[in-house]
Engineer: 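Take this structure first; my questions come after.
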Amino acid sequence: MNDIVIEGDVMGTPLRVLLVEDSEDDAILLERALRRSGFDPQSLRVDTPEDMQAQLDQGGWDVIVADYSMPRFSGLAALALAQQSGLDLPFLIVSGNIGEEVAVAAMKAGAHDYVMKESLARLGAAVRRELDEAMVRRARRQAEAENTRLYGETRHQASKLEALLEIGNDLSATLDLSNVLQRIACHARHLLEADKSDVYLLDSDGETLRPIVLLGESANDSTAASIKVGQGIIGMVAESGIPEYVNAVFDDPRFGRSAAMPAAEKALMCAPLVSRGRLMGVMALERSTVSGGFSQADLDFLTILARQAAIAIENARMYAAEQQRTEELGRALEQQHELDRLKDEFIQNVSHELRTPVTIIQGYAELLDSGELGPLAPEQSQPISIIARRASALRSLVGDLTIILRAQAREFRHLPVNLGEVINLMMEDFRLAAVQAGLELKADVSSELDPIYGDCDHLRRMLENLVGNAIKFTARGGRVTVRLFQDQERLVLEVADTGVGIAADQLERIFDRFYQVDGSTTRRYGGMGLGLALVKEIVDSHGGEIKVISELDAGSTFRVFFPIGD
Ligand code: ADP
């Protein structure tokens, strides 16, 4: 192997030529031919496979020009070596006695061109063309490689987006906070190929970050401790709210060096968990630097993930708070029901205990009052009749309480009732009361209407209360009107008066038990405030509806709607 140094044309195109040639003379001729074609060849001649291989390994060649036949080597064997090297170098064969078949075989084997020694003038043009083609091939390969890289990159991004979408779905599928946090840490660790993935949540003191999920931690790891906001890298990220990665954690001034510092360097990447401008915690991922540090793309991804995670945490917390509220409300409702039950039980017991003695008192008082047990002295007569009246009122109150409780418990009869007939039968008593009160009583009640189904006694009590109130709350000279008519599938009872009326803000409450618009002890009208509660209970138990319209000092109209038929 000999270096051939030939002073070249300084203006020529530099060309590094690997000559596979046994004859030095021929090599000189080849170089001259190239120089004549405008090249400035820097060439090296080899004539054995070993030397050629060594030069290929060393690299830096622009073109290979090989003699077809040599004593210890051949053009085709050299071609094979060049191909094996994987270098895409223009390969030209030169031969003195190349026949057409040999030339065809060489081209088939992959040589780029062949040139006869007799017409070396062609060599330069052939080399130039092959260099151009090699350049084109290289450019195409580069473009292909770039395409492949871009394709890979796009696929990678797409798969990350897909993963984010999946995480979004996955996180919204659960509302259990610890489960949500566990999943977040797990996804982050997996997608960002981290060795450790931790989630810290901010304590209610607003200063302490408490580790809630620690994935990949060894049991006695020091990072499992709580961190103060503003302390160390994680604490600083919490304070600044800016995601960050640090690829040489131990060199970072914020890293608190401890005696038990692990030997291997590590990379740390953190993102704050912020929802509606409020810090909720921090996600922290760790990689040993052996497996490579984090990149900006990793940080961007973690930032998006942290945003989703914050929303999921917020949702889980809201759900938990909502559930707690629902439970509390449920408990309060249960308590309320229990109180209602105790109250009803109490009323039931009291009315039960009162019924017999009150009936007896009323009975004796009336007996005394009637004089059947002998004449009463004048000073005895008035008190006795008061006792008899009051005992009778007390008895009807006890009766009302019993009706309310029965109606509420749906313990009543369910028989056809001709409401018109019932009203007309009661009209006599109403008229008497109206006359006593100095009122006009008008009635427009037909007894030809369809029956309703229910309890006659209860319906009678309802009428007594409505008409009784109308009379009670209307001043002398006023008017009370009772109407009963059919409106499609409903029977309508209307009791109207021209009395004191009810203020609009009281209308809702008059149906409450023991409620009176004027509940003072100095009130003008008697009563217990139980009448309308009883009316409402009876109407409800008959599947009906009651409405009232009223105007202060103008009067009130109570309308009751009953469904007709069974
Ligand atoms: P009370 O035993 O006091 O009559 P009610 O339950 O029957 O109890 O009525 C409750 C309150 O509704 C009454 O205290 C009264 O203020 C008002 N009220 C009922 N009916 C009338 C009416 N026709 N006109 C004016 N106010 C009425």
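Here the structure is a predicted model, which is why all the values come from computation and not from measurement. Residue numbers run from 1 in the order of the sequence given. Order of appearance sets the numbers: ligands from 1, and atoms from 1 within every ligand.
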Engineer: Could you check whether R479 pairs with D497 (Lys NZ or Arg NE/NH1/NH2 to Asp/Glu carboxylate O, under 4.0 Å)?
Structural biologist: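 Looking at R479 and D497, the cut-off is not met.
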Engineer: Which distance, rounded to the nearest 0.5 Å, do you find between the CG of L268 and the CG of N247?
Structural biologist: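 It comes to 9.5 Å.
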Engineer: Below 4.0 angstrom from a heavy atom of V500, which ligand 1 atoms are there? Numbered from 1 as shown, please.
Structural biologist: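 With V500 as reference, the close atoms of ligand 1 come out as 25 (C).
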Engineer: Say whether G499 and ligand 1 are in contact under the criterion: heavy-atom distance to a ligand atom below 4.0 Å.
Structural biologist: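 G499: no contact with ligand 1 (<4.0 Å).
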Engineer: Should G531 be counted as touching ligand 1, given the test is an N or O pair under 3.5 Å?
Structural biologist: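 Looking only at distances, the answer is yes, because the N/O contact criterion of under 3.5 Å is met.
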Engineer: Among D497, I510, I502, which residue places a heavy atom closest to atom 26 (N) of ligand 1?
Structural biologist: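 Heavy atom nearest to atom 26 (N) of ligand 1 belongs to I502.
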Engineer: Heavy atom under 4.0 Å from ligand 1: found in Q506's side chain, backbone, both, or neither?
Structural biologist: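 For Q506, there is no contact with ligand 1 at all, from either part.
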Engineer: Identify which one of T557, I502, I510 satisfies the side chain to side chain contact (heavy atoms under 4.5 Å, CB included) criterion when paired with S550.
Structural biologist: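 So, applying the side chain to side chain contact (heavy atoms under 4.5 Å, CB included) to S550 and each of T557, I502, I510, only I502 qualifies.
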Engineer: Which donor-acceptor pairs under 3.5 Å do the side chains of residues 307-318 make with protein atoms, sequence neighbours left out?
Structural biologist:
residue: E314; atom: OE1; partner: S275; partner atom: OG; Å: 3.0
residue: E314; atom: OE2; partner: R276; partner atom: NH2; Å: 2.6

Engineer: Which distance, rounded to the nearest 0.5 Å, do you find between the CG of L191 and the CG of D298?
Structural biologist: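 Reported to 0.5 Å precision, the distance equals 10.5 Å.
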Engineer: What I want to know is whether N465 and ligand 1 share at least one N or O pair that is separated by under 3.5 angstrom.
Structural biologist: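 In this structure, N465 places no N or O atom under 3.5 Å from an N or O of ligand 1.
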Engineer: Tell me the nearest of F558, F473, F511 to atom 15 (C) of ligand 1, using heavy-atom distances.
Structural biologist: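 Of the listed residues, F473 has the closest heavy atom.
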Engineer: Going by the atom numbers of ligand 1, which of them fall below 4.0 Å from some non-hydrogen atom of K472?
Structural biologist: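 Near K472, meaning under 4.0 Å from one of its heavy atoms, ligand 1 has 1 (P), 2 (O), 4 (O).
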Engineer: Tell me whether K547 forms a cation-pi arrangement with F561, defined as NZ or CZ under 6.0 Å from the six-membered ring centre and within 45 degrees of its axis.
Structural biologist: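 The answer is yes; both the distance and angle limits are met.
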Engineer: Cut-off 3.5 Å, side chains only: do E353 and N349 have a donor facing an acceptor?
Structural biologist: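 Per modelled atom types, E353 and N349 side chains form no pair under 3.5 Å.
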Engineer: Considering only heavy atoms, which of L532, V548, L534 lies nearest to atom 9 (O) of ligand 1?
Structural biologist: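 That would be L532.
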